[in-house]
Every structure is written in structure tokens, then in C-alpha cells.
Amino acid sequence: MELSRENRTYRSGNSSKTPPPILRYRVHRAFDEDSYVRNGRTISQCLAGAFGANGVHLKNLTILDFACGPGRVINEFSGFTESCALYGSDIDAEAIAWAQSNLSDVALFSTNTATARTRYASDMFDAIYCVSLFTHLDEQAQDEWLGEMARLLKPNGVFITTTHGCCAMDSCTPRELADLQRDGIVYRVDRKGKFKVDGLPDFYQTTFHAVDYVKKHWGRFLSVVDHIEGGLNGHQDIVVMRKSRVGAGYNPQ
Ligand SMILES: C[S@@+](CC[C@H](N)C(=O)[O-])C[C@H]1O[C@@H](n2cnc3c(N)ncnc32)[C@H](O)[C@@H]1O
């Protein structure tokens, strides 16, 4: 896909800064630095493409990377800082401390808690993206965070997030696939407590979504305007949502 000039991502001079191995592992499940940087770049290009395809040109916007970790993706958007105000938020205080110390020229970083209410004002952001978070939450937490994303977006603002869809179901058991067909969502609980090697809270597990579930269930919070299967690097799906022009957020049926 040919990107508009505004949406072409490129790395800034300081982008060779990468976080320590454990912080990289938490977001990337690998220790090597090259694949961390490479994936960040590819992801940022996929996001820029999805924004552009949905009429969002990354110029003069206020943008939030929600669940940004140590800034793997937002660092790749550093070329936009002249015209855009970039923000990053994550529950991982260590990752945010690293980003604050090393990427403060790219974005303003802060922590949020597990309670679905951030410190940001209502209607603050033109665009929000959130990579690999809804792929790890249960249904209740997803609903709460979708409500918060709707609150944070300006009317007509765009939210992009990712799901484990059909291109990411190789590990699903026959039982999980049957559950997915019936319920449209599967939340797989694996290791907890001291057996959880990523160091993230126990609620952070693995979730799979069907396209139809996303459209119907998530559509109660924001309009689902695009669903690109395998759109994130051929693996996760990209879901594009838009807040209504009049600013209504949560729209329970
Ligand atoms: C797979 S990582 C992806 C990080 C980043 N989006 C990226 O692509 O590099 C998932 C991130 O979600 C964060 N996270 C988990 N629960 C969260 C929550 N409730 N609010 C904000 N961030 C959360 C984790 O700390 C972790 O940084």
C-alpha cells in the first residue's frame, strides 16, 4: 500500500535506543534487539497504513499509544513530533520509567492503573492506537477499556487496536475453536503468579476474537469501520473504530 506523505513513518536519530532485554521480552517475547526494532517498525507502518486508509493523516493530531510498553512502536512515530503531540501510557511502571528517561523527546509517557480510568481529559485525542492489549484481556476488562477509549477520543476520533483473529489461531485447541464459533471470544488462562514469566499481572492472558463478535459487541462502544484480518504483520487483525461526530461514547443496546 502506498502511504500518504503524512503517514510515512521513519526512525529518528535517537531511535537506536532500545530498552533492556527484560523490558523487550515483556512486549516481544524475545530477547534479541534486531527483531524488537524490526517489529516496531513494521507495526508502525501497518498502523500508519490503517489510519491512512481510514482518512486519518498523521499531521497536527494529538495521538495516544495506549499500552505502549517501553515505546517500541511510538518511537517509530518520532518523525511526526513536529506537528503531532504524542502520548504513551502503560500499566508497567518500569517500562514507562525507561521511556520517560530515554524517549522524552518523542512522547509524554505516564502510567495507568488496571482500573479503566486514565488521567487524560475527555475528548482529548484525535487518534488512539493500542497494539496487543485486547489480545490479552478478558471480556469485562475489554469492555471497560473500550468505554475509556470512547471517553478519551474527540468526536469523530479514531481508535485502532489489534486482535488474535483467524491468522493467529494456530495454537487453539478444537475445544477453543468450538467455543470461538459459539461465543465469538475465547480467553485462555495459562500461567499465573510465580509461573508467569513475563512479570505482568495475572489478568494478562491470551484472548481470541471472531470478526462478527468484534463488530457486534465492540460496536456498542465505537463504530467498527474496518477489520483487516492479518493486517498486523500477517498475524494479528487490525480493528479500526470511530467515535460518532456528536460524541456519544458507550452505546449499550
Ligand atoms: C504485548 S505488550 C505490547 C506493548 C506495545 N503496544 C508494543 O506493541 O510494543 C502489551 C502491553 O500491555 C500492557 N498492559 C497490560 N495491561 C494493561 C492495562 N490495563 N493498561 C495499560 N497497559 C496494559 C503491558 O504492560 C504491555 O506493555
Side-chain angles (χ1 to χ4, degrees), residues 1-15 40-90 96 99-100 102-112 117-134 145-162 218 221-228 231-232 236 238-249:
M1 178 192 302
E2 180 65 20
L3 291 178
S4 67
R5 192 163 47 79
E6 289 94 338
N7 286 24
R8 275 181 216 147
T9 62
Y10 58 88
R11 303 178 71 201
S12 68
N14 76 346
S15 60
R41 187 178 307 170
T42 308
I43 291 168
S44 72
Q45 286 164 354
C46 294
L47 294 174
F51 275 123
N54 286 278
V56 180
H57 302 292
L58 300 172
K59 199 171 178 195
N60 301 326
L61 302 181
T62 304
I63 301 172
L64 172 64
D65 180 339
F66 185 64
C68 63
R72 172 176 68 151
V73 176
I74 204 166
N75 189 34
E76 298 295 330
F77 285 119
S78 58
F80 299 124
T81 48
E82 254 176 52
S83 84
C84 294
L86 303 182
Y87 292 79
S89 186
D90 198 283
I96 290 298
Q100 284 170 334
N102 294 279
L103 304 177
S104 61
D105 54 337
V106 176
L108 206 53
F109 293 94
S110 46
T111 52
N112 61 270
R117 183 83 181 184
T118 59
R119 64 184 66 201
Y120 305 116
S122 299
D123 298 353
M124 175 164 168
F125 296 100
D126 299 284
I128 304 176
Y129 63 87
C130 174
V131 175
S132 297
L133 175 62
F134 288 82
W145 281 113
L146 283 169
E148 176 64 358
M149 297 299 110
R151 182 184 75 80
L152 296 180
L153 277 179
K154 291 180 184 171
N156 206 34
V158 169
F159 175 51
I160 290 187
T161 192
T162 63
W218 289 11
F221 299 89
L222 293 163
S223 299
V224 178
V225 294
D226 203 0
H227 191 132
I228 310 161
L232 197 82
Q236 294 185 17
I238 290 182
V239 181
V240 185
M241 285 169 274
R242 197 178 271 280
K243 184 166 168 173
S244 74
R245 281 182 194 277
V246 286

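Both backbone and side-chain heavy atoms feed into the values below; hydrogens, waters and symmetry mates do not.
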Asker: Can you say whether the rings of Trp145 and Phe66 are parallel (under 30°), tilted (30 to 60°) or perpendicular (over 60°)?
Answerer: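 Trp145 vs Phe66 ring planes: tilted.
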Asker: Looking at CD1 of Ile238 and CG of Leu47, how far apart are the two atoms once the value is rounded to the nearest 0.5 Å?
Answerer: 5.5 Å
Asker: Can you tell me how far apart CD1 (Ile74) and CZ (Phe80) are? Round to the nearest 0.5 Å.
Answerer: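 So the gap between those two atoms works out to 11.5 Å.
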Asker: Less than 3.5 Å apart, any donor N or O on the side chain of Ser89 or Asn112 sitting next to an acceptor on the other?
Answerer: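 There is such a pair between these side chains.
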Asker: Heavy atoms only: give me the nearest Ala150-Phe221 pair and the separation to one decimal.
Answerer: CB-O, 3.9 Å
Asker: Just by modelled atom types, is the Lys154 backbone N or O under 3.5 Å from a matching donor or acceptor in the Lys243 side chain?
Answerer: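 Side chain of Lys243 to backbone of Lys154: no pair is present.
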Asker: Measure the shortest side-chain to side-chain distance between Trp218 and Thr161 over non-hydrogen atoms and say whether it is less than 4.5 angstrom.
Answerer: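 Yes, close enough: below the 4.5 Å cut-off.
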Asker: Determine whether Arg72 and Ile43 satisfy the following criterion, side chain to side chain contact (heavy atoms under 4.5 Å, CB included), listing intermediate values before the conclusion.
Answerer: CA-CA 9 Å; Arg72 172 176 68 151; Ile43 291 168; 3.6 Å; yes
Asker: Under the side-chain hydrogen bond (donor to acceptor under 3.5 Å, both in side chains) rule, collect the residues that match up with Ser110, sequence neighbours excluded.
Answerer: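 So Ser110 forms a side-chain hydrogen bond (donor to acceptor under 3.5 Å, both in side chains) with Tyr120.
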Asker: If you round to the nearest 0.5 Å, how far is CG of Asp65 from CG of Leu86?
Answerer: 9.0 Å
Asker: Looking at residues at least two apart in the chain, or sitting in another chain, which of them share a side chain to side chain contact (heavy atoms under 4.5 Å, CB included) with Ser223?
Answerer: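 Side chain to side chain contact (heavy atoms under 4.5 Å, CB included) check on Ser223 returns Val225.
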Asker: From Asn75 CG over to Arg41 CZ, what is the distance, rounded to the nearest 0.5 angstrom?
Answerer: 10.5 Å
Asker: Within the 4.5 Å heavy-atom criterion, are Leu61 and Val56 side-chain neighbours or not?
Answerer: yes
Asker: Given Asn156 and Arg242, is the side chain to side chain donor-acceptor pair (under 3.5 Å) satisfied, shown in steps?
Answerer: CA-CA 6 Å; Asn156 206 34; Arg242 197 178 271 280; 3.3 Å; yes
Asker: Going by distance alone, is a donor N or O of one side chain under 3.5 Å from an acceptor N or O of the other, for Glu76 and Ser44?
Answerer: no
Asker: Enter the distance from Ser122:OG to Glu148:CD here, rounded to the nearest 0.5 Å.
Answerer: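 Between atom OG of Ser122 and atom CD of Glu148 there are 7.5 Å.
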Asker: So, for Pro70 and Ala99, which heavy atoms are closest and what is the spacing to 0.1 Å?
Answerer: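 Distance-wise, the nearest heavy atoms are O-CB, 4.2 Å.
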Asker: How close do Tyr87 and Thr62 get, heavy atom to heavy atom, and via which atoms?
Answerer: CE1-CG2, 3.7 Å
Asker: Please check if the distance between the ring centroids of Phe77 and Tyr129 is under 6.0 Å.
Answerer: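 Here the rings of Tyr129 and Phe77 have centres that are less than 6.0 Å from each other.
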Asker: Search all heavy atoms of Leu152 against all heavy atoms of Ala121 and return the closest pair with its distance.
Answerer: CD2-O, 3.7 Å
Asker: So how far is it from Leu64 CG to Met124 CE, rounded to the nearest 0.5 Å?
Answerer: 8.0 Å
